[in-house]
Enquirer: 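Next up is a structure, given as structure tokens.
As the structure is a prediction and not an experimental result, all values here were calculated from the model. We number each residue from 1, following the sequence as shown.
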Amino acid sequence: MKRAGHVLAASLPYESRPAPGRRAQFSAPGSNPDIAGTDVDRALVVVAHAVQDRRGAAHKVAYSSGFAVHAPGTPAGEAVLVTCAHTLEEIRHDPLLRAGLPSPAVRPDDHISGSLVITGPPAAPVFHPVGAVLSAMHRGDLLLLSASLTPSSNPQAQALRTLPVNPYPVQPGTQIRAHFVVDKPPSAGRDSEGWTPWVGGTWGKWVKGSVIGYRDFAGREARPGTYDSLAHLHFDPPPTPGSSGGPIIDEESGAVVGVVLGTQLINQLQGVRGWGVPAEMIFEMFSLPGLKLKNQE
């Protein structure tokens, strides 16, 4: 990917303890504390990558979650979005793009492809084409996109808000909220409660959980506050398919502390855990305050 490792000229604000007007709020006085308010939902998007052959005989769509961050200097009407990279890679390496070709190269007239950001109320989604891949970090499975959010004529559509991001890793045991997505909510049991309609006929829910721990790039246990490399974080409960790319939010501070990537089998005893990356990796795609790097151009 051409933009892999690119560092933006903008500096992402450090918001470990965001102001009340910035922090993600999950309940209002008198409301159900297990269901997040719509204010947090306004930061979320669906990112869809699609390819179709021009005959219409076959197509492939891969989708993920994403969220908006505050990148100073972003032009009015545009949004900078964080999501996962593996859904885009799934499309780029799909057999549909390579079937019948003598080499990995794809002839321009063979297929139609593109990426869309989907926002708006569940009953009237708004589709925005992705303008650019700003940066990609393969070792963290992160993707930074820009999209022009054209005004909607739907009076129910609300402007996209941005989420504060914490550059410091939280301790194991920290209580979190993660946004899970399902095609159809469970019909019975405790897990059936709290699901609300979301974009594209799906259902979403801010699920309570906790950070279990961290791993380095070799898969060894790592600890925050040491010289250990915090490559990935584990959390409970495990996310649902389609939740990848969504934020993991510290319930106390209201700041993003990680990004959902999927699930991982730890071992036969501990079973499957949620798998993500610490939010500090998002900052690696932005400039440090006061510094200007050569690869910003």
Enquirer: Going by side-chain contact (heavy atoms from CB on, under 4.5 Å), name the residues that satisfy it together with Tyr14, two or more places apart in sequence or in a different chain.
Expert: Pro167, Tyr168, Phe283, Leu288, Pro289

Enquirer: Would you mind reporting whether Pro224 and Pro172 have side-chain heavy atoms less than 4.5 Å apart?
Expert: yes

Enquirer: When rounded to the nearest 0.5 angstrom, what is the spacing between OG in Ser64 and NE2 in His86?
Expert: 7.0 Å

Enquirer: Indicate the atoms forming the closest heavy-atom contact of Ala255 with Glu15, along with that distance.
Expert: CB-O, 3.4 Å

Enquirer: How are the rings of His232 and Trp275 set relative to one another: parallel (under 30°), tilted (30 to 60°) or perpendicular (over 60°)?
Expert: tilted

Enquirer: Are Met281 and Arg139 packed together at the side-chain level, in the sense that at least one heavy-atom pair is separated by less than 4.5 angstrom?
Expert: yes

Enquirer: Kindly write out the residues that satisfy side chain to side chain donor-acceptor pair (under 3.5 Å) with His70, not counting sequence neighbours, or none if the list is empty.
Expert: none

Enquirer: Would the distance check show the side chain of Ser16 and the main-chain N or O of Asn166 forming a donor-acceptor pair, the cut-off being under 3.5 Å?
Expert: no

Enquirer: Taking side chain as C-beta onward, heavy atoms only, is Leu12 less than 4.5 Å from Val80?
Expert: no

Enquirer: Taking atom OG1 of Thr87 and atom NE2 of His49, what is their separation to the nearest 0.5 Å?
Expert: 4.0 Å

Enquirer: Met137, Phe217: one ILVMFWY side-chain cluster at the under-4.5 Å cut-off?
Expert: yes

Enquirer: Are the side chain of Asp228 and the backbone of Arg223 linked by a donor-acceptor contact shorter than 3.5 Å?
Expert: yes

Enquirer: Group every Ile, Leu, Val, Met, Phe, Trp and Tyr by side-chain heavy-atom contacts under 4.5 Å, then state whether Val45 and Val61 land in the same group.
Expert: no

Enquirer: What's the spacing between Lys208 NZ and Arg177 CZ if we round to 0.5 Å?
Expert: 5.0 Å

Enquirer: List the steps, then state whether side chain to side chain contact (heavy atoms under 4.5 Å, CB included) holds for Val277 with Leu142.
Expert: CA-CA 9 Å; Val277 291; Leu142 292 177; 3.8 Å; yes

Enquirer: Rounded to the nearest 0.5 Å, what separation is found between the CZ atom of Phe180 and the NZ atom of Lys205?
Expert: 9.0 Å

Enquirer: Could you grab the distance from atom CG of Leu145 to atom NE2 of His128, nearest 0.5 Å is fine?
Expert: 13.5 Å

Enquirer: Side-chain contact test, heavy atoms from C-beta onward, threshold under 4.5 Å: evaluate it for Ser11 versus Phe286 and give yes or no.
Expert: no

Enquirer: So Leu144 and Val82, side chain to side chain contact (heavy atoms under 4.5 Å, CB included) or not? Walk me through it.
Expert: CA-CA 5 Å; Leu144 204 61; Val82 176; 3.6 Å; yes

Enquirer: Using side-chain heavy atoms (C-beta onward) and a distance below 4.5 Å, is Leu44 in contact with Trp206?
Expert: yes

Enquirer: Which atoms form the tightest heavy-atom contact between Leu230 and Glu280, and what is the distance?
Expert: CD1-OE1, 4.3 Å

Enquirer: If you compare all heavy atoms of Tyr63 against all heavy atoms of Val46, which two are closest, and at what distance to 0.1 Å?
Expert: CB-CG1, 4.3 Å

Enquirer: Could you walk me through whether Ile176 and Val170 satisfy the side chain to side chain contact (heavy atoms under 4.5 Å, CB included) test, starting with their C-alpha distance in whole Å, then the side-chain angles of each, then the deciding distance to 0.1 Å, before giving a yes or no?
Expert: CA-CA 10 Å; Ile176 58 169; Val170 294; 5.5 Å; no

Enquirer: Gln171 versus Val211: any side-chain heavy-atom pair under 4.5 Å?
Expert: no

Enquirer: Going by heavy atoms in the side chains, are Thr119 and Val199 under 4.5 Å from each other?
Expert: no

Enquirer: Is there a side-chain contact between Ser244 and Pro239, using heavy atoms and a 4.5 Å cut-off?
Expert: no

Enquirer: Tell me whether Val260 shares a hydrophobic cluster with Leu265, the cluster being built from Ile, Leu, Val, Met, Phe, Trp, Tyr side chains joined at under 4.5 Å.
Expert: no

Enquirer: Hey, is Arg17 close enough to Glu252 for a salt bridge, meaning N to O under 4.0 Å?
Expert: yes

Enquirer: With distance as the sole test, does Gln175 use its side chain to make a donor-acceptor pair with the main-chain N or O of Gly173 at under 3.5 Å?
Expert: yes

Enquirer: Are Ile248 and Val256 close enough, and set up right, to give a side chain to side chain contact (heavy atoms under 4.5 Å, CB included), and what steps lead you there?
Expert: CA-CA 6 Å; Ile248 301 171; Val256 175; 5.9 Å; no

Enquirer: Provide the closest heavy-atom pair for Pro238 versus Thr263 in the form atom of the first, atom of the second, distance.
Expert: CB-CG2, 3.8 Å

Enquirer: What pairs meet the side chain to side chain donor-acceptor pair (under 3.5 Å) rule with one or both residues in residues 210-219, with sequence neighbours excluded?
Expert: Asp216-Arg220

Enquirer: Search all heavy atoms of Ala68 against all heavy atoms of Leu160 and return the closest pair with its distance.
Expert: CB-CD2, 3.7 Å

Enquirer: Working to the nearest 0.5 angstrom, can you tell me the gap between Ile212 CD1 and Thr174 OG1?
Expert: 10.5 Å

Enquirer: Judged by atom type as modelled, is there a donor-acceptor pair below 3.5 Å linking the side chain of Ser287 to the main-chain atoms of Leu8?
Expert: yes

Enquirer: Which heavy atom in Leu116 sits nearest to a heavy atom in Pro129, and how many Å separate them?
Expert: CD2-CA, 3.7 Å

Enquirer: Backbone N or O of Ser65 within a donor-acceptor pair of the Thr83 side chain at under 3.5 Å?
Expert: yes

Enquirer: Can a donor-acceptor pair be found, under 3.5 Å and without considering hydrogens, that links the side chain of Thr162 to the backbone of Val69?
Expert: no

